[in-house]
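Note sheet for the following structure.
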Amino acid sequence: MASSTKVDLDGNPIKTMTICMIGAGGFIGSHLCETLLSTTSHSILAVDVYNDKIKHLLEPESLPWNGRIQFHRINIKHDSRLEGLIKMADLTINLAAICTPADYNTRPLDTIYSNFIDALPVVKYCSENSKRLIHFSTCEIYGKTIGSFLPKDHPLRQDPEFFMLKEDVSPCIFGPIEKQRWSYACAKQLIERLIFAEGAENGLDFTIVRPFNWIGPRMDFIPGVDGPSEGVPRVLACFSNNLLRGDPLKLVDGGESQRTFIYIKDAIEAVMLMIENPARANGQIFNVGNPNNEVTVKQLAEMMTEVYSKVSGEPSLESPTVDVSSKEFYGEGYDDSDKRIPDMTIINKQLGWNPKTSLWDLLESTLTYQHRTYAEAVKQAIAKPTSS
Ligand code: NAD
Ligand code: UDP
């Protein structure tokens, strides 16, 4: 295989790879494909059931990377072609999953099958064929923080030991079985344990990624425009939808939960380092998030309202938010992670990576995209029922 002149973090030339990317047509996959095609000479075998988000990379054939990306419309649940693609590749990246919280308690079986059962053959084929695997897990694997069990005003709640999420130290704390929200986290935990065990017992070269609320353009869908009208996407798309329609943003249980948000482009830089530095990434589990961008969901709603008004030129509502119970919004069995701050020690040490983009800046570029992409379509969708 040809070698590019690019070198890795240890000064060794980076070999050109063929990457089998499963779930390439999703939010993260589309950004990863874009970066791989425009900044490297690696080739991609892109596997997904959809390709709308990577259409711009597949057509027209005159694009400079023509020939370096091949789309395979495959449902990994039942397709014998998967093993062949994994065998053809040097590295497999598995992004495929059901990963929207509205599904965890309403479609727990699909969630468990998607995040555990469907990932099993991928791990097996990589292990049996001695192929490297980068598997996407989740920050939700940590569940609730230890501090969340202390009384609300207990001083230890402020102690990082009680909330900082560390890959090699923190426990996984989920709610009871009837809180089906945890079906996703639990399935992701078991597949992590299986991959880790394949590494320990059979020598699988693996890297596990735990994303902490990566957000940016192309995340999820806008209900009634490019997704079902009754669908409930993740918070960025929910709030974008409300802003585009001029509706108040819905705060689930008061919007008190805390999250750290990271710009997709920063996060992709971390994944690129993992791809091109196997010696530093193999055998590791990495948190990938931005500990500096912490807000409550209520604060996120307020900031998005302000940013959207700036980028759209439209005034914000007098009452921009409205409270809604989790039962009303998500249904029975919903529960929540209280706080998610990633510890960055391991990724810093192994890959020297740090996130850069502030929450305000990432919201400004993302909401500019949302407004440009959807404002007109939403106007038409709103006008439709009255004109028919
Ligand atoms: P996404 O839903 O946009 O992408 C997932 C892709 O996988 C979709 O295009 C979907 O069509 C595809 N897919 C699902 N099942 C499939 C199957 N059976 N066969 C073929 N393709 C299938 O989600 P995303 O945000 O890009 O997330 C990617 C991964 O990262 C997931 O594993 C998710 O759990 C994990 N993750 C993401 C975040 C985040 O902040 N975005 C946070 C935590 C974990
Ligand atoms: N949320 C909200 N209003 C919405 C959508 C989500 O208050 O319209 C809250 C949700 O309850 C959670 C947080 O926003 O506390 C983040 O939700 P998301 O769907 O992005 O996924 P999570 O971070 O929980 O995995």
Side-chain angles (χ1 to χ4, degrees), residues 21-33 46-54 72-79 82 93-104 110-111 113-115 117-119 121-122 134-141 181 184-185 187-188 191 208-216 218-221 223 227 232-243 247-264 267-268 271 287-289 295-298 300-301 304 321-326 329-330 334-340:
M21 196 189 301
I22 307 167
F27 162 58
I28 296 175
S30 71
H31 286 275
L32 193 50
C33 285
V47 174
D48 207 302
V49 281
Y50 303 113
N51 67 9
D52 314 36
K53 295 184 183 184
I54 52 169
H72 298 264
R73 196 177 299 279
I74 286 179
N75 184 336
I76 61 162
K77 271 185 194 301
H78 41 68
D79 202 304
L82 182 64
I93 301 179
N94 189 10
L95 295 146
I98 287 178
C99 52
T100 35
D103 292 320
Y104 307 161
D110 287 341
T111 301
Y113 272 80
S114 170
N115 284 284
I117 307 285
D118 299 347
V122 178
I134 297 183
H135 184 83
F136 273 70
S137 180
T138 174
C139 60
E140 201 162 316
I141 208 100
R181 155 71 187 241
Y184 168 74
K188 286 280 202 199
I191 199 74
I208 289 170
V209 186
R210 293 181 179 167
F212 279 66
N213 293 79
W214 300 9
I215 61 176
R218 294 198 292 271
M219 185 169 196
D220 299 338
F221 57 91
V232 180
R234 287 169 284 188
V235 69
L236 172 81
C238 282
F239 285 175
S240 299
N241 184 37
N242 300 143
L243 291 164
D247 293 337
L249 280 58
K250 292 182 176 169
L251 300 179
V252 171
D253 294 338
E256 284 178 12
S257 298
Q258 290 166 294
R259 294 288 187 273
T260 49
F261 293 93
I262 177 171
Y263 193 35
I264 182 71
I268 291 295
V271 182
N287 285 344
V288 181
V295 278
T296 62
V297 173
K298 186 170 192 285
L300 174 75
M304 282 182 68
T321 59
V322 62
D323 284 348
V324 55
S325 74
S326 54
F329 193 80
Y330 288 112
Y334 182 75
D335 200 355
D336 209 353
S337 302
D338 54 302
K339 186 176 174 78
R340 290 180 182 158

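Remember, it's 1-based here, ligands and their atoms both numbered in the order they're listed. Only a predicted model underlies this, so the values are computations on that prediction, with no experimental measurement involved.
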Could you walk me through whether Leu243 and Met304 pass the side-chain contact (heavy atoms from CB on, under 4.5 Å) test, one step at a time?
CA-CA 8 Å; Leu243 291 164; Met304 282 182 68; 4.1 Å; yes
Could you walk me through whether Val288 and Val271 pass the side-chain contact (heavy atoms from CB on, under 4.5 Å) check?
CA-CA 9 Å; Val288 181; Val271 182; 5.8 Å; no
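Asp103 and Thr111 are not linked by any side-chain donor-acceptor pair at a separation below 3.5 angstrom, with hydrogens and angles left out of the test.
Under the 4.5 Å side-chain criterion, counting only non-hydrogen atoms from C-beta, Phe27 is not in contact with Leu95. A 4.5 Å side-chain heavy-atom check between Arg210 and Arg340 finds every atom pair outside the cut-off.
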Could you pull out the N/O contacts under 3.5 angstrom between ligand 1 and the surrounding protein atoms?
| residue | atom | partner | partner atom | Å |
| --- | --- | --- | --- | --- |
| ligand 1 | 3 (O) | Phe27 | N | 2.8 |
| ligand 1 | 9 (O) | Gly26 | N | 3.1 |
| ligand 1 | 9 (O) | Asp48 | OD1 | 3.3 |
| ligand 1 | 9 (O) | Asp48 | OD2 | 2.7 |
| ligand 1 | 11 (O) | Asp48 | OD1 | 2.6 |
| ligand 1 | 18 (N) | Asn75 | OD1 | 2.8 |
| ligand 1 | 19 (N) | Ile76 | N | 3.0 |
| ligand 1 | 25 (O) | Arg234 | NH1 | 3.1 |
| ligand 1 | 25 (O) | Arg234 | NH2 | 2.9 |
| ligand 1 | 26 (O) | Phe27 | N | 3.4 |
| ligand 1 | 26 (O) | Ile28 | N | 2.8 |
| ligand 1 | 32 (O) | Leu95 | O | 3.1 |
| ligand 1 | 32 (O) | Lys188 | NZ | 2.9 |
| ligand 1 | 34 (O) | Tyr184 | OH | 2.7 |
| ligand 1 | 34 (O) | Lys188 | NZ | 3.0 |
| ligand 1 | 40 (O) | Trp214 | N | 2.8 |
| ligand 1 | 40 (O) | Trp214 | O | 3.4 |
| ligand 1 | 41 (N) | Arg234 | NH1 | 3.2 |

What does the N/O contact table under 3.5 Å look like for ligand 2?
| residue | atom | partner | partner atom | Å |
| --- | --- | --- | --- | --- |
| ligand 2 | 3 (N) | Lys250 | O | 2.7 |
| ligand 2 | 7 (O) | Lys250 | O | 3.4 |
| ligand 2 | 7 (O) | Val252 | N | 2.9 |
| ligand 2 | 11 (O) | Tyr334 | OH | 2.8 |
| ligand 2 | 15 (O) | Asp336 | OD2 | 2.6 |
| ligand 2 | 19 (O) | Val235 | N | 3.4 |
| ligand 2 | 20 (O) | Val235 | N | 3.0 |
| ligand 2 | 23 (O) | Asn213 | ND2 | 2.9 |
| ligand 2 | 23 (O) | Arg259 | NE | 2.7 |
| ligand 2 | 23 (O) | Arg340 | NH1 | 2.9 |
| ligand 2 | 24 (O) | Arg181 | NH2 | 3.0 |
| ligand 2 | 24 (O) | Arg259 | NH2 | 2.8 |
| ligand 2 | 25 (O) | Arg340 | NH1 | 3.4 |
| ligand 2 | 25 (O) | Arg340 | NH2 | 3.4 |

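The aromatic rings of Tyr184 and Tyr104 lie parallel to each other, their planes meeting at an angle below 30°, with 60° marking the opposite boundary. In this structure, Tyr330 and Tyr334 have parallel ring planes: the angle between them is below the 30° cut-off, well short of the 60° mark.
The backbone N or O of Ile262 lies less than 3.5 Å from no partner atom in the side chain of Asn213, so there is not a single donor-acceptor pair.
Asp336 and Arg259 are joined by a salt bridge, as a carboxylate oxygen and a charged side-chain nitrogen come within less than 4.0 angstrom of each other.
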